[in-house]
Asks: 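Once you've had a glance at the structure underneath, I'll fire off some questions.
To find a chain, count down the sequence lines: A is the first, B the second, and so on, and within it residues start at 1. These numbers come from a predicted model, not from an experiment. What you see below is based on every heavy atom in this structure, not just the backbone, and it leaves out hydrogens, waters and symmetry mates.
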Protein chains: 2
Amino acid sequence: MPTGRRERKKAATRQKIADTALRLFLERGYDAVGIRDVAAEADVAVTTLFSHFASKEALVFEQDDDFEQRLTQTVTGRAPHEPLIPALRREIQALVRHCTADSAAPIWRMIDASPALREYEESMRLRHAESLATAIAADPDLSRTTTACRTIARFVIDAYSLAREAADPDTAVDEIFRMIEAAWEVAHPSGNSVGTAGP
Amino acid sequence: MPTGRRERKKAATRQKIADTALRLFLERGYDAVGIRDVAAEADVAVTTLFSHFASKEALVFEQDDDFEQRLTQTVTGRAPHEPLIPALRREIQALVRHCTADSAAPIWRMIDASPALREYEESMRLRHAESLATAIAADPDLSRTTTACRTIARFVIDAYSLAREAADPDTAVDEIFRMIEAAWEVAHPSGNSVGTAGP
DNA sequence: TCCTAAAAGCTAACCGTTAGTGTTACGGTC
DNA sequence: GACCGTAACACTAACGGTTAGCTTTTAGGA
């Protein structure tokens, strides 16, 4: 039963807190707004706020689970025998476009301006890279070492991070993924050849 | 005059704080030791401690500047026309060995056990990647785009981070650097060929 | 010798975060 | 419909990292 009154109220509270926080942060600046301000404006207790969000920074990256799931879905949910890297490239391209859109600009300006938020995002990315690595390692079609899987996962997350900051994000994604593709190709367990190399 | 009494005393104070902090952290655990404990044991005021170190975490990564300079030195100080990637591979290999040595094990166990320290190290790595990227971009022998330089720099830092955690660090460095080499090769500005492509 | 400024000290707070302890209100059960 | 377990929320008070404001010491140059 997804629609109990309890769960709806809980979700509403969570959303109200997140919305209020983002509004206040954008209005007055992240550092200028205290947790107590957010709680008061959202009309909840500070402890309630922290039962919904693990930290002040988490208020900003409210939907980071979506990001993570989209990435792992890209790996686990792609068509059989569909090559991995182009699929990831498309997904990263979409995600980069999403957060370089004009509507998202004020939020990212705020994030870039706050060391605490930047640091938080970095450690978020590492989490995402880990789950992406796990998804890649679990695919039987892709026989690579654990190290190779973790490496490629990091590279893909790097691509997202670097492209987001690049002057021309689209071109940057293309360029970085050309490099990733090459790295992935040489990561075959036994030599550089794909499958059989016979005459 | 590099050896004024003032500078010596300042350096001594700094060192005493760092040594005391590391000792206490290892004795009682990072979270169990407060800043006020460290300051008291080192016989300095809390404000003095914070005039030498920007944060509690910085007490642990005291010599992170060395790390950064060794990396950039590897790029800027290498023999003329010496290929970049193998030079970086050697340096990363050495750094990984250094911090997977038995003597460093307790420190890294402490770091791995503390989310705050892990997060701090991550953002440190990003700083290192940035300065490495700058060094690479500044080398006239390596004609690559800014994006390619930043990308390779990230990859190299990833190699350090991943190899440090790998079961067999030496093998991991080799494996990851094979991937990095391939990525670097395809990052030439005009196509995949090195220098001149025959008629 | 005296002056300046760096270095260190002290106090008192700010702010994110948490523990401890109720209080309310929903959901399933009899 | 009354009842109970528990999830959600509230309140207070604190803890710990960090900083501002201001004073004291001390090194180095005039």
Asks: Working to the nearest 0.5 Å, report the span between CD1 of B/Ile152 and CG of B/Asp158.
Replies: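 Going from the CD1 atom of B/Ile152 to the CG atom of B/Asp158 covers 10.5 Å.
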Asks: Tell me what A/Asp37 touches on the nucleic acid: a base, only sugar-phosphate, or nothing, going by heavy atoms under 4.0 Å.
Replies: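 Nothing, no heavy atom under 4.0 Å.
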Asks: In whole angstrom, what separates A/Arg6's CZ from D/dG5's P?
Replies: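 The answer, rounded to whole Å, is 14 Å.
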Asks: Give the rounded distance in Å between these two atoms: NZ of A/Lys56 and P of C/dC15.
Replies: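 A/Lys56 atom NZ is separated from C/dC15 atom P by 9 Å.
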Asks: Is there a donor on the side chain of B/Arg5 or the base of D/dG28 sitting less than 3.5 Å from an acceptor on the other?
Replies: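 Between D/dG28 and B/Arg5, which were checked side chain against base, a qualifying N/O pair under 3.5 Å is absent.
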Asks: Report yes if a side-chain nitrogen or oxygen of A/His52 is closer than 4.0 Å to either non-bridging phosphate oxygen (OP1 or OP2) of D/dC9; otherwise report no.
Replies: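 For A/His52, the contact criterion (side-chain N or O under 4.0 Å from OP1 or OP2 of D/dC9) is met.
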Asks: Under 3.5 Å, is there an N or O donor on one side and an acceptor on the other linking the side chain of B/Arg14 and the base of C/dA7?
Replies: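 In this structure, the two groups form no donor-acceptor pair.
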Asks: Quick one: is C/dC26 close enough that its OP1 or OP2 comes under 4.0 Å of any side-chain N or O from A/Lys9?
Replies: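 It does, given that an N or O in the side chain of A/Lys9 lies less than 4.0 Å from OP1 or OP2 of C/dC26.
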Asks: With sugar-phosphate meaning primed atoms plus P, OP1 and OP2, does A/Val46 contact a base, only sugar-phosphate, or nothing at under 4.0 Å between heavy atoms?
Replies: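 Base, at least one base atom sits under 4.0 Å.
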Asks: Is there a side-chain polar atom (N or O) of A/Thr48 under 4.0 Å from OP1 or OP2 of D/dA8?
Replies: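 The answer is no; no side-chain N or O of A/Thr48 sits under 4.0 Å from OP1 or OP2.
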Asks: Taking the side chain from A/Arg144 and the backbone from A/Trp184, do they hold a donor-acceptor pair closer than 3.5 Å?
Replies: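 Flag set: sc A/Arg144 to bb A/Trp184 pair under 3.5 Å.
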Asks: Between D/dG17, C/dG9, C/dT17, which nucleotide gets closest to the side-chain atoms of A/Arg36?
Replies: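 The nucleotide sitting nearest to the side chain is C/dT17.
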Asks: Is B/Leu126 reachable from B/Leu117 through a run of hydrophobic residues whose side-chain heavy atoms are each under 4.5 Å from the next?
Replies: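 Each belongs to a different hydrophobic cluster.
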Asks: Pair A/Arg118, B/Glu130 - check salt bridge (charged side-chain N to carboxylate O under 4.0 Å, His left out), show working.
Replies: CA-CA 14 Å; A/Arg118 291 180 69 90; B/Glu130 277 308 307; over 6 Å; no
Asks: Which comes earlier along DNA chain C counting from the 5' end, the contact point of B/Leu49 or that of A/Tyr30, where each point is its nearest nucleotide?
Replies: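 Of the two residues, B/Leu49 wins.
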Asks: Ignoring backbone atoms, establish whether B/Thr13 has a side-chain N or O less than 4.0 Å from OP1 or OP2 of C/dA8.
Replies: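 So the side-chain polar atoms of B/Thr13 do come within 4.0 Å of the phosphate oxygens OP1 or OP2 of C/dA8, strictly under.
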Asks: May I ask you to say what A/Asp31 touches in the nucleic acid, namely base, sugar-phosphate or nothing, with a heavy-atom cut-off under 4.0 Å?
Replies: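 Here A/Asp31 touches no strand at all.
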Asks: What does A/Val38 touch in the nucleic acid at a heavy-atom separation under 4.0 angstrom: a base, only the sugar-phosphate, or nothing?
Replies: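 Counting heavy atoms under 4.0 Å across all strands, no contact is made by A/Val38.
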Asks: Check the orientation of A/Tyr120 and A/Phe61. Use parallel for under 30°, tilted for 30 to 60°, and perpendicular for over 60°.
Replies: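 It falls in the parallel class, under 30°.
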Asks: 5'-most contact on DNA chain D: B/Ile35 or B/Thr47, nearest heavy atom basis?
Replies: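 Closest to the 5' end, via its nearest nucleotide, is B/Ile35.
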Asks: Looking at D/dC9, C/dA5, C/dC10, which one has an atom nearest to any side-chain atom of B/Ala45?
Replies: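 Given the options D/dC9, C/dA5, C/dC10, the side chain of B/Ala45 is closest to C/dC10.
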